[in-house]
Amino acid sequence: MYPNVFDPATASAESIRLLFILVLAICGGILAIVWGVLAWCLVRYRRSGTQEPPQVYGSHPIEIAWTAFPSLIVLVLVLITVRCLNEVHAVPSSEEGEPIAVRVVGHQWWWEYAYDGFTTANELHLPAGRPVMLQLESVDVCHSFWVPRLAGKMDLIPGRRNLLRFRCDIPGVYLGQCAEFCGTQHANMLLRVIVEPADEFDAWRASQRQRDVAGDHPGAKVFARLACVRCHAIRGTSADGLFGPDLTHLMSRTTLGAGVMVNNRENLRRWIRDPQPDKPGCLMPGFDLGRAEMDALVGYLERLR
Ligand code: CUA
């Protein structure tokens with residue numbers, strides 16, 4: 001579950017791990033040779049010794065050797081890197097099935113996921129065993145999508161669309177992290193990818209497509225009266241703000257604030273009252289509500305399953 005580059009769950013993460021180990025081995029070998037020669041020189045030609053080392057200047061064989069070997073090493077590094085890039089960016093063959101496309105939009109400091117027919121936030125659900133194509137975009141500054149066990153880092157750049165492809169066959173929860181400094185809460189821009197068997201994914205998708213699941217509730221009026229509606233959308237209601245996460249199925253998510261806290265009643269209240277202590281600098285203001293209003297609002301949000 002933890003973001004571990006040494007425990008790949010996809011072919012693309014495996015080829016990155018392999019590249020990392022190869023480069024580490026080559027560079028480790030160079031380090032060992034340099035330190036070895038250095039240590040030998042220190043001992044062999046230390047001051048208390050009598051010999052002066054042979055003074056060589058302009059020796060062709062030596063100059064050719066120290067140009068050719070590093071060039072060869074760089075060439076090898078380039079070749080294995082290009083091979084890895086090709087593996088990581090490979091377009092899946094049509095036999096692997098139709099890829100599932102999700103538009104991922106980076107915001108300060110949360111993730112928007114637009115599927116065919118609905119939008120959700122922060123927790124990305126994907127079907128196991130099917131190729132995935134993420135279309136990465138940003139509405140503000142550069143972010144970077146990085147879930148080490150699934151794929152390499154890929155930046156989300158304003159005004160540009162980057163593609164990230166992988167296929168994960170092992171159901172599970174994969175954690176990640178925004179990997180490009182994007183402001184005060186960069187470190188709390190956490191990623192949670194839930195890879196699930198095809199039938200569970202289909203059930204999740206069907207439930208996410210439903211609109212306005214809370215129905216008539218006194219809290220709906222509180223929500224509509226407060227500034228919530230300017231930033232948050234609840235499909236099927238008048239709330240259609242796009243600035244913050246879509247809340248249509250808020251309670252289907254396990255965390256709040258892009259992974260900073262567990263999503264439950266107590267934390268919802270805490271978050272609405274003042275999100276700043278838990279996510280300093282975050283763009284949501286606090287709402288100092290009376291007890292009755294807070295109860296109604298949280299009761300309403302809890303019905304958004
Ligand atoms: Cu988004 Cu760092």
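Since the structure is predicted, the reported quantities are computational estimates derived from the model, not experimental observations. Start at 1 and go down the list; that is how both ligands and their atoms are numbered.
Note on L19: it clusters hydrophobically with I26, by side-chain heavy-atom contacts below 4.5 Å among ILVMFWY residues.
Rounded to 10 degrees, the SG-metal-SD angle spanning C182 and M189 at atom 1 (Cu) of ligand 1 equals 110°. Atom 2 (Cu) of ligand 1 is the vertex of the angle joining SG of C178 and O of E180, which measures 100° to the nearest 10°.
The minimum distance between atom 1 (Cu) of ligand 1 and any N, O or S atom of H143 involves atom ND1.
A distance-only check finds no donor-acceptor pair linking the side chain of H249 to the backbone of T120 [under 3.5 Å]. In this structure a side-chain-to-backbone donor-acceptor pair under 3.5 Å is missing from Q108 to H186.
Atom CD of E63 has more than 12 heavy atoms from other residues, nucleotides or ligands within 6.0 Å.
For residue H186, an N/O/S atom approaches atom 2 (Cu) of ligand 1 to within less than 2.8 Å.
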